[in-house]
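Before any comments, here is the structure.
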2 protein chains.
Amino acid sequence: MGAAGELLIGEVVRTLDERFRLSLPVDLAGPLLAEGSKLVLAKERGGCLSLWSAAVWRPRLDAALDVLRTKLQAGLLAQRVGEVQQAGRLLSARHAAVSLSGRDRLVIPEGFRGFLGVEPGGDVVVVGAAVCVELWHPQAWQQVITAEMPDFRRRLDALTG
Amino acid sequence: MGAAGELLIGEVVRTLDERFRLSLPVDLAGPLLAEGSKLVLAKERGGCLSLWSAAVWRPRLDAALDVLRTKLQAGLLAQRVGEVQQAGRLLSARHAAVSLSGRDRLVIPEGFRGFLGVEPGGDVVVVGAAVCVELWHPQAWQQVITAEMPDFRRRLDALTG
DNA sequence: CCCGCCGTGGGTTTCTTTCCCATTTGAACC
DNA sequence: GGTTCAAATGGGAAAGAAACCCACGGCGGG
């Protein structure tokens, strides 16, 4: 349970509730919640959302903002505020704080539904992506898999070496 | 809760009252009011207004005024009085002191309505921009998002580095 | 074969958001 | 100066959505 706990691995198909609820498999929900119950949902590419432990995501965000604050106080006030503002604006469109309710169930927030592109009652592919959990539109998932799988060996070797 | 308390993050669609009233989501109104009940509404670009805690806005305004004052007294702008005049004029029209009434309701002042470009009964996108809350015309918001989002990763990296 | 866990659906409660109306405030006009 | 009208402000109530909880059914393991 240190900063680098279990790797999130697994691929499961789940159906999206009529109320846009999605229950995560325990294998993924458990490790994900190991670092705290607060989660962050992010828009990746079209047809894909990613779910992060807030404890993992927040340092990245805070680091960026800390740098900004430092620059702000260094004197270039007005311009730098604008940059923080812009970053925050985009951040808002990309991220939302979420939490799981009983049975490890996630409610997809309003603005994220269209982005995922799955209608109520449809299937969602839940994929462990080592550091986060990804939610895929089945069709988009299929495309990514077929496109990137041939390269897999090379990518893995690159990481290993 | 210092000068940099909670980050203002979130994206919500709200409808504008027949009387140009807009109720802010509690998630954004709460942190915004954390530094005091006095707020400042400012014109950003066409189709976008920003709402600041006065405690955050005021230093920025003072800094801008100081710059103007200094330049004037230094005599550097002797033949550019017109520019200073214009800057002062824009500075005046750019912001207005506002406050929220019950239910976190904001009344959009007269001169700001046309700037936002949303007619009564229309939708407004309320966006947290880290240091302030922004009110967007839905169409303008969509344009900005699609235009700037592809660059998002690079922008954030630029800030961090 | 039985038992327990997990995923799914539904009902209920609680809170938020919005519509609508009453009251007050300010100003103009008689 | 008094009265009347218009507009803004505040609050109550209803509609809608979200969170909470429990119960059923299926699948796998013992």
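Each chain gets a letter, A, B and so on, in the order the sequences are listed, and its residues count up from 1.
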Exercise for review: Mind running side chain to side chain contact (heavy atoms under 4.5 Å, CB included) on B/Leu135 and B/Leu24 for me, showing each step along the way?
Suggested key: CA-CA 10 Å; B/Leu135 313 177; B/Leu24 301 178; 4.3 Å; yes
Check your understanding: Rounded to whole angstroms, how far apart are CG on A/Asp17 and P on D/dA17?
Key -> 15 Å
Exercise for review: Look at A/Thr15 and C/dT8 and indicate whether a side-chain polar atom (N or O) is within less than 4.0 Å of OP1 or OP2.
Suggested key: yes
Exercise for review: For A/Arg103 and for B/Arg21, find the nucleotide of DNA chain D with the closest heavy atom, then tell me which residue's nucleotide is more 5'.
Suggested key: B/Arg21
Check your understanding: Hey, does B/Val107 reach any base, or is it just sugar-phosphate, or nothing, if we go heavy atoms under 4.0 Å?
Key -> sugar-phosphate
Exercise for review: Starting from P on C/dC19, measure out to CD on B/Glu18 and report it in whole angstrom.
Suggested key: 8 Å
Check your understanding: OP1, OP2 of C/dT17 versus side-chain N and O of B/Ser23: anything below 4.0 Å?
Key -> no
Exercise for review: Provide, to the nearest angstrom, the distance between the CG atom belonging to A/Leu28 and the C1' atom belonging to C/dC6.
Suggested key: 14 Å
Review point. Below 6.0 angstrom between ring centroids: does that apply to B/Trp52 and B/His95?
Key: no
Exercise for review: Check the distance between D/dT9's P and B/Leu22's CG and give it to me in whole angstrom.
Suggested key: 14 Å
Check your understanding: How many Å lie between CG on B/Leu100 and P on D/dA8, as a whole number?
Key -> 18 Å
Review point. Taking atom NZ of B/Lys43 as the centre, does the number of heavy atoms from other residues, nucleotides or ligands within less than 6.0 Å exceed 12?
Key: yes
Exercise for review: Take the protein atom CG of B/Leu16 and the nucleotide atom P of D/dA8, then report the distance between them rounded to whole Å.
Suggested key: 13 Å
Check your understanding: Atom CG of A/Asp27 to atom C1' of D/dG28: distance rounded to whole Å?
Key -> 13 Å
Review point. Closest heavy-atom contact between B/Phe152 and A/Leu91?
Key: CZ-CD1, 3.1 Å
Revision key, fill the gap. Comparing B/Leu24 with B/Arg19, nearest DNA chain C nucleotide closer to 5' gives the residue B/Leu24
**Study point:** A/Ile108 CD1 to D/dA19 P, straight-line distance once rounded to whole Å
**Key:** 12 Å
**Study point:** Under 4.0 angstrom between A/Ser101 side-chain N/O and D/dA19 OP1 or OP2
**Key:** no
Check your understanding: How would you label the contact of A/Arg14 with the nucleic acid (heavy atoms, under 4.0 Å): base, sugar-phosphate, or nothing?
Key -> sugar-phosphate
Check your understanding: Under 4.5 Å between side-chain heavy atoms, hopping through other hydrophobics if needed: is there a path connecting B/Val98 to B/Val107?
Key -> no
